[in-house]
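Please read all numbers here as calculations on a predicted model, not as lab measurements. Worth knowing before you read on, the calculation uses all heavy atoms, side chains too, and leaves out hydrogens, waters and symmetry mates.
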Amino acid sequence: MIGPEFRQYWFLNDKEGRPIDRDTQETIAKAGKYANTVIGFGSKKDFSKTDFYLSNSMFPLNVDELQVDNSSPITTYTYQIINESITSRKEKRNQKIIKPWHLTQDDSVVIGREREHPFKVKGLIGISAMSYGALSKSAVKALSQGVAISGGSFMNTGEGGISPYHLSKVYRIVEGAMVPSERLSRKIFSYIKEYPHASNFELEKKFGDHAKVTVQDLLEKGVLEEKGADLIFQVGSGLFGARKDGKYCEETFLKNALRPEVKAIEIKLAQGAKVRGGKLPKEKITKEIAEIRGVEMGKDVESPNRFPLFSDMEGLFKLITHWQKITGKPVGIKVVAGDDHSFDELAIHIKETGDTPDFISIDGAEGGTGATYQEMADGLGLPIFSGILILDQTLRRYGIRDNIKIIASGMLATANKMATALSLGADLIYVARAAMNTVGCINAGKCHTNLCPVGITSHLPHLEAGLAVEEKRFRTANYLTTMREGLFMLGASCGIDSPTKFNLKHITLRKSDNDVKKFSNTLNLEQFQATESVENAIERVREFVNS
């Protein structure tokens with residue numbers, strides 16, 4: 001029983017821990033606490049192994065040459081180390097103004113450009129799908145508020161529906177606003193001035209139920225500014241958030257999908273750790289979770305392997321186009337690559353019908369924060385870098401890449417891995433376990449037991465109380481902004497002025513036998529199309545699928 005702790009804290013070296021090694025967790029912690037990732041004395045990476053490397057430019061760009069929007073600085077909190085020894089560390093928490101490292105208007109990633117309500121993203125990194133139920137309400141609050149503070153990023157709800165905690169809001173005083181005269185308004189004004197980004201939950205707890213009405217009044221008068229997380233509403237095969245009496249209910253779906261906080265809808269076909277529906281043990285189901293999901297208490301909740309609404313490509317796209325029409329918002333799917341032909345049938349359908357998902361989220365076998373079966377976690381799905389490459393190249397091969405954005409997830413916790421994913425074909429990045437680390441995860445591996453020692457995945461009050469939302473939300477915000485800065489700096493080193501311009505030319509494959517090849521040279525699409533037309537490829541793949 002004590003073996004995992006001994007190995008993690010005493011015996012494993014800095015690169016051996018799984019699923020997150022000590023070096024990676026330290027990088028996440030530094031980004032969250034200090035808003036930097038500086039190290040000394042060099043890398044501990046094993047450079048003898050086969051790996052991807054970013055191709056640096058002989059003439060990198062300076063910071064003032066980057067296409068970056070830092071016009072909305074962020075008020076946050078970071079730590080300063082006062083004194084440190086082998087066995088102790090004294091730190092001071094300081095309020096600090098940091099740059100947001102947003103994309104410019106021209107470089108913003110637009111999902112669903114053809115929709116009535118396209119989703120424009122100015123921060124390349126968002127929080128991946130982790131539902132309320134898998135996570136505690138404190139964890140969801142901290143993450144959603146952190147996303148709101150950082151600005152430009154986004155948060156996937158996970159398949160458990162939309163909770164009040166996903167909809168959490170944070171507030172700041174509008175510059176130049178006058179102190180209000182009414183007593184409660186004045187108290188709230190003073191509190192937010194002293195504690196920037198105070199949340200609706202925090203204000204209601206401190207000032208009572210009347211705080212909600214008073215805050216709304218201050219918003220209407222232009223005294224306060226409100227920010228919340230942009231949400232991607234995920235619907236899984238259990239249809240949580242889109243069901244009534246155990247069956248699909250369009251009224252329930254629209255109630256959630258049409259919320260102003262929801263910017264896009266994601267249909268989860270698979271995820272890295274389980275190429276099937278989700279699993280929520282009965283020990284973790286509270287009355288509130290049961291009501292949000294529309295399930296019974298006292299029973300394990302296991303989503304079906306497949307959606308009850310469709311069983312083939314035609315049915316899937318009928319649902320995609322229907323949801324696009326009735327919501328006016330981008331609709332995408334979440335998938336996992338199984339082999340190099342995984343997405344040919346999908347691409348053929350898009351090519352022949354013109355029906356198109358606005359985005360495709362692809363998870364790697366490394367992905368997965370919640371409960372699943374060991375054989376699925378270890379045996380199903382390809383790693384994320386392979387998956388991105390297969391998806392991107394398949395869409396390009398059939399000439400349908402332009403209107404589909406790719407969001408990649410699967411242990412892309414550090415800026416260098418994110419840049420590699422962008423170079424291989426991703427447009428945006430999801431992080432899950434790294435996000436959990438920002439709010440205090442210690443990799444205990446007890447997510448499915450309701451006994452998470454730091455309260456991130458536990459609904460037991462005495463454990464959940466260990467997560468200090470008012471402190472951890474700033475670590476999430478700092479992590480997101482620091483990773484965004486890292487992407488810009490890596491881009492500058494590669495000679496590009498924005499991380500949106502990473503592509504195959506910026507990636508090199510170095511093998512363990514010292515063979516080095518520019519990765520783009522191994523994927524010559526022009527040569528492919530010269531030897532085989534797209535029509536012939538479609539027919540060949542159709543025969544393969546039918547057989």
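- Side-chain contact between Thr157 and Val262 is absent, with no heavy-atom pair separated by less than 4.5 Å.
- Around NZ of Lys99, the count of heavy atoms belonging to other residues, nucleotides or ligands within 6.0 Å does not exceed 12.
- Using a 4.0 Å cut-off between charged side-chain N and carboxylate O, Glu296 and Lys299 make a salt bridge.
- If you take CE on Met436 and CD1 on Ile28, they are separated by 11.0 Å, rounding to the nearest 0.5 Å.
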*Applying salt bridge (charged side-chain N to carboxylate O under 4.0 Å, His left out), run through Glu464 and Lys137 and close with a yes or a no.*
CA-CA 8 Å; Glu464 190 176 353; Lys137 60 178 176 287; 3.6 Å; yes
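- The backbone N or O of Gly133 lies less than 3.5 Å from a partner atom in the side chain of His459, making a donor-acceptor pair.
- For the pair Ala365 and Leu380, the tightest heavy-atom approach, listed with the atom from each and the gap, is CB-O, 3.9 Å.
- A side-chain donor-acceptor contact under 3.5 Å links His102 to the backbone of Gly151.
- The two residues Ala242 and Val235 have their closest heavy-atom pair at CB-CG1, 4.3 Å.
- Between Phe240 and Thr252, every side-chain heavy-atom pair lies at or beyond the 4.5 Å cut-off.
- Thr449 and Glu283 share no donor-acceptor pair across their side chains, judged by distance under 3.5 Å alone.
- Side-chain contact between Leu103 and Phe488 is present, with heavy atoms from C-beta onward closer than 4.5 Å.
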*Can Ser85 and Ser88 be said to form a side-chain hydrogen bond (donor to acceptor under 3.5 Å, both in side chains), step by step?*
CA-CA 5 Å; Ser85 68; Ser88 67; 2.9 Å; yes
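- Minimum interatomic distance between Asp363 and Ile384 (heavy atoms only, all atoms of both residues): C-CD1, 3.9 Å.
- Of the inter-residue distances, the one linking Ile360 atom CD1 with Ile406 atom CD1 reads 6.5 Å to the nearest 0.5 angstrom.
- For the pair Tyr132 and Pro164, the minimum side-chain heavy-atom distance is 4.5 Å or more.
- Using a 4.5 Å cut-off on side-chain heavy atoms (C-beta onward), Ser128 and Asn156 make no contact.
- Between Thr438 atom OG1 and Leu480 atom CG the span is 7.5 Å, to the nearest 0.5 Å.
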*Applying salt bridge (charged side-chain N to carboxylate O under 4.0 Å, His left out), run through Glu261 and Lys169 and close with a yes or a no.*
CA-CA 10 Å; Glu261 296 88 352; Lys169 300 292 185 290; 3.0 Å; yes
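- A distance of 6.0 Å or more separates the ring centres of Phe119 and Phe359.
- More than 12 heavy atoms of other residues, nucleotides or ligands lie within 6.0 Å of OH in Tyr248, so this atom counts as buried by the packing criterion.
- Aromatic ring pairs are classed by plane angle as parallel below 30°, tilted from 30° to 60° and perpendicular above 60°; the pair Tyr79 and Tyr34 is perpendicular.
- For Lys255 and Glu251, the salt-bridge test fails: no basic side-chain N is under 4.0 Å from an acidic carboxylate O.
- Lys141 forms a cation-pi arrangement with Phe201, by the criterion of a distance under 6.0 Å to the ring centre and an angle within 45° of the ring axis.
- Heavy atoms of other residues, nucleotides or ligands lying less than 6.0 angstrom from CG of Asp209 number 12 at most.
- Under the 3.5 Å distance criterion, the side-chain polar atoms of Thr76 are left unmatched by any main-chain donor or acceptor of Lys96.
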*Would Lys30 and Glu26 count as a salt bridge (charged side-chain N to carboxylate O under 4.0 Å, His left out) if you check the C-alpha gap in whole Å, the side-chain angles of each, and the deciding distance to 0.1 Å?*
CA-CA 6 Å; Lys30 283 181 175 178; Glu26 185 175 324; 3.5 Å; yes
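- With rounding to the nearest 0.5 angstrom, the CG atom of Leu451 is 6.5 Å from the CG atom of Leu460.
- Panel note: side chain Arg243, backbone Gly294; a donor-acceptor pair is recorded below 3.5 Å.
- Under the 3.5 Å distance criterion, the side-chain polar atoms of Ser458 are left unmatched by any main-chain donor or acceptor of Leu463.
- A donor-acceptor pair is defined here as one N or O able to donate and one able to accept, closer than 3.5 Å; such a pair exists between the side chain of Lys227 and the backbone of Ala148.
- Between Leu124 and Arg484, the shortest heavy-atom distance links the atoms N-CD, 4.2 Å.
- Counting only distance, with no hydrogens or angles, the side chain of Gln8 and the backbone of Ile442 share a donor-acceptor pair below 3.5 Å.
- Figure legend: cation-pi geometry between Arg93 and Tyr77, with NZ or CZ positioned under 6.0 Å from the six-membered ring centre and within 45° of its axis.
- Using modelled atom types, one side-chain atom of Ser144 and one backbone atom of Tyr165 make a donor-acceptor pair closer than 3.5 Å.
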*Go through the steps to decide whether Gln95 and Thr75 satisfy the test side-chain hydrogen bond (donor to acceptor under 3.5 Å, both in side chains), and finish with yes or no.*
CA-CA 7 Å; Gln95 192 177 113; Thr75 302; 5.3 Å; no
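- Using cut-offs of 30° and 60° on the angle between ring planes, the pair Phe474 and His197 is tilted.
- Taken to the nearest 0.5 Å, the CD atom of Glu226 stands 5.0 Å off from the CG atom of Leu219.
- The closest side-chain heavy-atom distance from Lys122 to Trp101 is not below 4.5 Å.
- Checked options Ile162, Leu258, Val331; the residue passing with Phe233 is Ile162 (criterion: side-chain contact (heavy atoms from CB on, under 4.5 Å)).
- Considering Ile192, Ile188, Val223, Asn200 in turn, Ile188 is the only one that fulfils the side-chain contact (heavy atoms from CB on, under 4.5 Å) rule with Val215.
- Within a 6.0 Å radius of NZ in Lys45, other residues, nucleotides and ligands contribute more than 12 heavy atoms.
- With salt bridges taken as basic N to acidic carboxylate O contacts below 4.0 Å, none links Asp358 and Lys405.
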_Verdict with supporting geometry, Thr214 and Asp217, side-chain hydrogen bond (donor to acceptor under 3.5 Å, both in side chains)_ = CA-CA 5 Å; Thr214 303; Asp217 181 59; over 6 Å; no
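- Between the side chain of Glu485 and the backbone N or O of Thr482, no donor-acceptor pair lies under 3.5 Å.
- At least one side-chain heavy atom of Ser108 sits under 4.5 Å from a side-chain heavy atom of Lys120.
- Rounded to the nearest 0.5 Å, atoms CD (Glu291) and OG1 (Thr286) are 8.5 Å apart.
- Of all heavy-atom pairs between Thr327 and Ala257, the closest is CG2-CB, 4.0 Å.
- A 4.5 Å side-chain heavy-atom check between Lys284 and Thr457 finds at least one atom pair inside the cut-off.
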*For the pair Glu16 and Arg22, evaluate salt bridge (charged side-chain N to carboxylate O under 4.0 Å, His left out) and give the outcome as yes or no after the intermediate values.*
CA-CA 8 Å; Glu16 286 180 330; Arg22 187 176 289 128; over 6 Å; no
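- The minimum heavy-atom distance linking Ile20 with Arg433 is given by the pair CD1-CB, 3.7 Å.
- Arg475 has a carboxylate O that lies under 4.0 Å from a charged side-chain N of Glu471, or vice versa, which qualifies the two as a salt bridge.
- For His210, the NE2 atom is loosely surrounded, since the number of other residues' heavy atoms within 6.0 Å does not exceed 12.
- The backbone N or O of Lys282 sits less than 3.5 Å from a side-chain atom of Asp300, completing a donor-acceptor pair.
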